[in-house]
Amino acid sequence: MIVWIIIIGGLISISLATYLKFQAAKKTELSPAEEATSGQKSSSSTVLEAVSDGVVILDSKGVIKMINPAACALSGWQQKDAIGIDHRSVFKLSNEKGKPYEDSDNPLSRTLADGKTHRDSNAVLTENGSNKSIVLSMSVSPLFDSEQEINGAIGILRDISQEKQAEKQRAEFISTASHEMRTPVASIEGYLALAMNPKVSSIDDKARSYLVKAHAATQHLGSLFQDLLTSAKVEDGRLTNHPSVVEMSSFLTSLTEDLKFVVKKNIAVEFVVGNNGALIKPQEDTGSIRVVQPIYNIYADPERIREVVTNLFDNAVKYTESGKITIGLTGDNDIVQLYIKDTGKGIPSDDIPHLFQKFYRVDSSDTRTESGTGLGLFITRKIIEMYRGRIWVESKVGQGSTFYINIPRLNNQQAAELSGNSATKTIKPTAQ
Ligand code: ADP
């Protein structure tokens, strides 16, 4: 009897459920347009559920509105728990040294703050409830409402721990190998110099001409090892970096004076500040002309900036036969822009996208005769990125090239505070 009651009860509840479903479907009968939109919505949510990359959508306050299963797996949070929570609680990010990300580091916070796309491939994410951490590649884009006001952000997250580990091992190998090889190369170079020195050795002209070539090749090998070592350091974050406030006008004025001496060709060198040289403003009281040099402060290691400018300048000299090299400085409230412009051979447009990659050299008669490693621009880009800057080039074959660098500009207050105690201050220039 009891069994029969259960069976009949079950049948009734099934029919009731079927009926209610039918009624509900009738009530929500959709127009073709609505059907298409809802179809699109459900197919995009199916895609988001299925993709292997983590996807997270935030509202304008940084609260998680949507998080897909892949992002849950990365963070160690359950979907139902993460929704409605601030992203900083769910995605606990820090740098390689374990220092927790501040909002100025966090690409999710940065996009919500400035409405720009931000990328990061060094963020370390600690999984919820465990000590497990992974390296994330993050790309965050802003979302706008119909009035073009920012009303959220979408972040794409990927675990790149394995790639980072392989990269680290490669860099370690290159670093050890180049370090070990630099010493014998330096000693060969030294002995060749002694052999060429008439006060030390007597050799005939033919032997001398061979030794001169061997010496040049050894010097090239030495600089290749040096560049390899620097590029390995730059990749695994071991490059020395002692940032301080650098006022770029005076810094570049004195650097340009030094660089002028290394130019042995018939090339003029000039330094310009502002859009058309120094900004000139008439003085209201006397009507006389006063030269106003803007203050362009950045927060970087002056040695690294010197390396960058010297690198670009050396290239400009190397690939220019005659004409002019201009070192320029300009900017706006947010950025300081420096550029190195030459009147040289120029760079074919097909090569430009690859120029900042490791070992890339334009294949021309010029590069075959000029010694080089193809590492200079790679190292330069890495240094600039370390300061949240950007580097790019504009060039026309036969007319010359201009390499541009944008670095976040410090306002007066930031500069004053950072100058006070650069070691302990946490203020950083706003990122580009
Ligand atoms: P390299 O040691 O070969 O100079 P870089 O990384 O500094 O290596 O430069 C990569 C390539 O970019 C060079 O081989 C050259 O073909 C091209 N290049 C760089 N700067 C200039 C320039 N100012 N004018 C023309 N070509 C340039």
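Counting convention: from 1, in listed order, for ligands and their atoms alike.
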Side chain or backbone, does G374 bring an N or O within less than 3.5 Å of an N or O on ligand 1? yes

For the 3.5 Å polar cut-off, considering only N or O atoms, please tell me whether Y319 and ligand 1 meet it. yes

Using a strict threshold of under 4.0 Å (side-chain N to carboxylate O), is an ion pair present between E270 and K324? yes

Using a 4.0 Å heavy-atom cut-off, which part of K345 comes near ligand 1: side chain, backbone, both, or neither? neither

Check ligand 1 against S401 and write out every atom of the ligand that is under 4.0 Å from a heavy-atom position of the residue. 24 (N)

Please check whether F403 reaches ligand 1 - meaning an N/O of the residue sits under 3.5 Å from an N/O of the ligand, judged on distance alone. no

Just let me know how Y360 lines up against ligand 1, side chain, backbone, both or neither, with a heavy-atom cut-off below 4.0 Å. backbone

Tell me the contacting part of I347 for ligand 1: side chain, backbone, both, or neither, using a 4.0 Å heavy-atom threshold, strictly below. side chain

From CD1 (I156) to CG (D53), nearest 0.5 Å: 7.0 Å

Measure the spacing between OG1 of T320 and CG of N266 and express it to the nearest 0.5 Å. 12.0 Å

Is any side-chain N of the basic residue among D86 and R88 closer than 4.0 Å to the acidic one's carboxylate O? yes

Value rounded to 0.5 Å, distance of CG in D342 from CG in L312: 10.0 Å

Please report the interatomic distance CD1(I405) to OH(Y387), rounded to the nearest 0.5 Å. 12.0 Å

Output yes when R158 and E163 qualify as a salt bridge under the 4.0 Å nitrogen-oxygen rule, no when they do not. no

Which bit of L375 is near ligand 1, meaning a heavy atom under 4.0 Å away: side chain, backbone, both or neither? backbone

Which atoms from ligand 1 have a heavy atom of G376 less than 4.0 Å away? 5 (P), 6 (O), 7 (O)

Would you mind running through ligand 1 and noting each atom that sits below 4.0 Å from a heavy atom of L355? 12 (O)

Give the atoms of ligand 1, by number and element, whose distance to some non-hydrogen atom of K318 is under 4.0 Å. 1 (P), 2 (O), 4 (O)

Could you tell me whether D258 and R306 have a side-chain N and a carboxylate O separated by less than 4.0 Å? yes

Can you list the atoms of ligand 1 that are under 4.0 Å from a heavy atom of L377? 5 (P), 6 (O), 7 (O), 9 (O), 10 (C), 12 (O), 19 (C)

Aromatic ring pairing Y404/Y339, orientation class (parallel under 30°, perpendicular over 60°, tilted between): tilted

Numbered atoms of ligand 1 (with element) below 4.0 Å of T373, judged on heavy atoms: 1 (P), 2 (O), 3 (O)

